[in-house]
Each structure stands twice: as C-alpha cells, then as structure tokens.
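Some notes on the structure that comes next.
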Amino acid sequence: AAPIQVCQKQIQERGSKDPYCGLKWGVWNTARVPEFWVVHEVEFYWDYDCKTKFPPGLPRSSTTNTARTLRQNKNERAWDRDESTYWVSECNVLTAGCNPWQHYIGYQIPTDATPVSLDPLQEFATLRCIRFLQSGAATRMTQSVATVVWANDTDFGYELIQEYTDLAGGSWTRRAPP
C-alpha cells in the first residue's frame, strides 16, 4: 500500500483527510470537441507498464447525453470491455460542442481498495498509465486529455496528474508520463 499525494498533503495541513480523497480518478477533455465526446473504453493502471489495473469500482462522469437517440448511453459503457459500446458527453453541435475541461469520464475505487506504487523510487500511488479508446470521428474526439485524482466529493475538487496531447481517435491509445 502507498499513500496518495494529495491526501497525504491534507493530513499534513489539517491533521486528517477528506473521506473521499483519492477514491475518484478521471480523464478530462482538455481540447475543444466540435460535436460531442465519444469514449468507447478507458482503463486505469497503477504502474507505468499498464499491467496493474485499478480495482473494480463505480463508473463516474460529468453529464451524460441521454437524448432520444442515445438512451442506452451510460458511463458504465466506457468500462465494460466492449469496444462497440460507448459513453457520450452532454454537449452537441448546437451548443458549439464541448469546451476544454468541460467533461470527464472517471472511476471511483472502493473505500477498502489498496492504492499501490510498484516503483520503489516513487513514494506515492497514482494513476501512472491509461489505455483509452475514443471515437475516430474528428468531431467526436479530443486531441488532449488530463488525468486527475479528486481530493473531495465535488466535481471540481481534483488535482492534475498529467496532461497528454496529440491524441488520435479510432484506435487504442496508451499513455504513461514521459
């Protein structure tokens, strides 16, 4: 087991940490998406080699598009290991698409989960690698994302882990910090 840096900081500054600190992890769109953001699959890993997956948990997201044509759209679809299903953000061409930092797809690990750091040189556990499959349609993908961990249970109470740019769509993308 390894501590999560933002939670350790809360303990040092306040003597305790928020009960939700380090439970929720996510990926935000950090570039404009012209229509809406379509994410087929996301996977989070504790290690740089994308081998040690996060434990099973609860899918989380910003608002989800549930328009008549997307009734089956649920955030679980980005975590179901089925590349034919997907999650769609709630933005569209009529509202000028998705702005940067407007939507996220995320995951909440159980309170009894054990964060790990497999790198002996790293004191803290964190999201070190993601695998990501988004739409191949240029109007339904983002060219950059940021990985984050939440310090509390609010939508914007997160800490940036890493930003990744020059993303493509239509095929699996694997990213670990440089």
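Sequence positions, counted from 1, serve as the residue numbers for this chain. This structure is a prediction, so every number in the text was calculated from the model and none was measured.
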Open item on the list: Would the distance check show the side chain of Asp47 and the main-chain N or O of Thr52 forming a donor-acceptor pair, the cut-off being under 3.5 Å?
Closed with: yes
Task: Tyr107 side chain near Pro55 side chain, heavy-atom distance below 4.5 Å - done: no
Task: Test item: Arg32 side-chain N/O and Ala96 main-chain N/O as donor-acceptor pair under 3.5 Å - done: yes
Task: Within-4.5 Å side-chain heavy-atom neighbours: Phe124 and Gln8 - done: yes
TODO: Look at the side chain of Asn99 and the backbone N and O of Gln102, then say whether any donor-acceptor pair between them is shorter than 3.5 Å.
DONE: no
Task: With sequence neighbours excluded, residues passing ring-ring contact (aromatic ring centres under 6.0 Å, His included) with Tyr45 - done: none
Open item on the list: Could you tell me if the side chain of Phe44 sits less than 4.5 Å from the side chain of Val27, heavy atoms only?
Closed with: yes
Task: Neighbour count >12 (heavy atoms, 6.0 Å) for atom CD, Glu43 - done: yes
Task: Any side-chain heavy-atom pair of Glu159 and Ile161 under 4.5 Å - done: no
Open item on the list: Are the side chains of Gln134 and Arg140 in contact, using a 4.5 Å heavy-atom criterion?
Closed with: no
Open item on the list: Do Ser84 and Asp82 pair up side chain to side chain, a donor and an acceptor below 3.5 Å, judged on atom types alone?
Closed with: yes
- [ ] Tell me, with the steps shown, if Lys9 and Ile11 meet side chain to side chain contact (heavy atoms under 4.5 Å, CB included).
- [x] CA-CA 5 Å; Lys9 184 178 173 185; Ile11 292 169; over 6 Å; no
TODO: Determine, for Asp155 against Lys24, whether the closest basic-nitrogen to carboxylate-oxygen distance falls under 4.0 angstrom.
DONE: yes
Open item on the list: Looking only at the side chains, is there a donor atom on one of Thr142 and Asn29 sitting less than 3.5 Å from an acceptor on the other?
Closed with: no
Task: Atom pair OH (Tyr164) and OG1 (Thr147), whose distance is rounded to the nearest 0.5 Å - done: 4.5 Å
TODO: With rounding to the nearest 0.5 Å, note down the distance linking CD in Glu41 to CH2 in Trp79.
DONE: 9.0 Å
Task: Hphob cluster co-occupancy, Val145 + Leu133, side-chain heavy atoms under 4.5 angstrom - done: no
- [ ] Write down the atom of Ala137, the atom of Ser135, and the distance for their closest heavy-atom approach.
- [x] N-OG, 3.0 Å
Task: Gap separating the NZ atom of Lys53 from the CZ atom of Arg131, nearest 0.5 angstrom - done: 7.5 Å
Task: Any donor-acceptor pair under 3.5 Å from Ser61 side chain to Asn75 backbone - done: no
Solution key, residues 168-175 side-chain donor-acceptor pairs under 3.5 Å, sequence neighbours excluded:
residue: Trp172; atom: NE1; partner: Glu83; partner atom: OE2; Å: 2.8
residue: Arg174; atom: NH2; partner: Tyr48; partner atom: O; Å: 3.0
residue: Arg174; atom: NH2; partner: Asp49; partner atom: O; Å: 3.4

Open item on the list: Is the shortest side-chain heavy-atom distance between Phe54 and Trp46 below 4.5 Å?
Closed with: yes
TODO: Only one of Tyr104, Trp25, Trp28 passes ring-ring contact (aromatic ring centres under 6.0 Å, His included) with Tyr158; say which it is.
DONE: Trp28
TODO: Using the rule that two of Ile, Leu, Val, Met, Phe, Trp, Tyr join whenever any of their side-chain heavy atoms come within less than 4.5 Å, decide whether Ile109 and Ile130 are in one cluster.
DONE: yes
Open item on the list: Between Ser117 and Gln122, does the side-chain hydrogen bond (donor to acceptor under 3.5 Å, both in side chains) criterion hold? Intermediate values first, please.
Closed with: CA-CA 7 Å; Ser117 177; Gln122 300 292 329; over 6 Å; no
- [ ] Calculate, to the nearest 0.5 Å, the distance between atoms OG1 and CD belonging to Thr165 and Gln143 respectively.
- [x] 9.5 Å
Open item on the list: Is it the case that over 12 heavy atoms from other parts of the model lie below 6.0 angstrom from the CZ atom of Arg14?
Closed with: yes
Open item on the list: What I'd like to find out is whether the side chain of Val6 reaches to under 4.5 Å of the side chain of Cys21, using heavy atoms alone.
Closed with: yes
Open item on the list: Membership question, hydrophobic clusters at under 4.5 Å side-chain separation (ILVMFWY): are Met141 and Val38 in the same one?
Closed with: no
- [ ] Taking all heavy atoms of Thr30 and all of Pro100, pick out the closest pair and write down the distance.
- [x] O-CB, 3.4 Å
Task: Flag for Ser62-His103: side-chain donor and acceptor within less than 3.5 Å - done: yes
- [ ] Enumerate the residue pairs fulfilling disulfide (SG to SG under 2.5 Å) with a member in residues 123-175, sequence neighbours excluded, ordered by first and then second residue.
- [x] Cys50-Cys129
TODO: Could you tell me whether a side-chain N or O of Gln162 sits under 3.5 Å from a main-chain N or O of Ala146, the two making a donor and an acceptor?
DONE: no
Open item on the list: Working to the nearest 0.5 angstrom, can you tell me the gap between Ile4 CD1 and Leu23 CG?
Closed with: 7.5 Å
Open item on the list: Checking the side chain of Gln10 only, and the main-chain atoms of Cys7 only, is there a donor and an acceptor separated by less than 3.5 Å?
Closed with: no
- [ ] Find the distance between OG1 (Thr126) and CG (Asp119) and round it off to the nearest 0.5 Å.
- [x] 12.0 Å
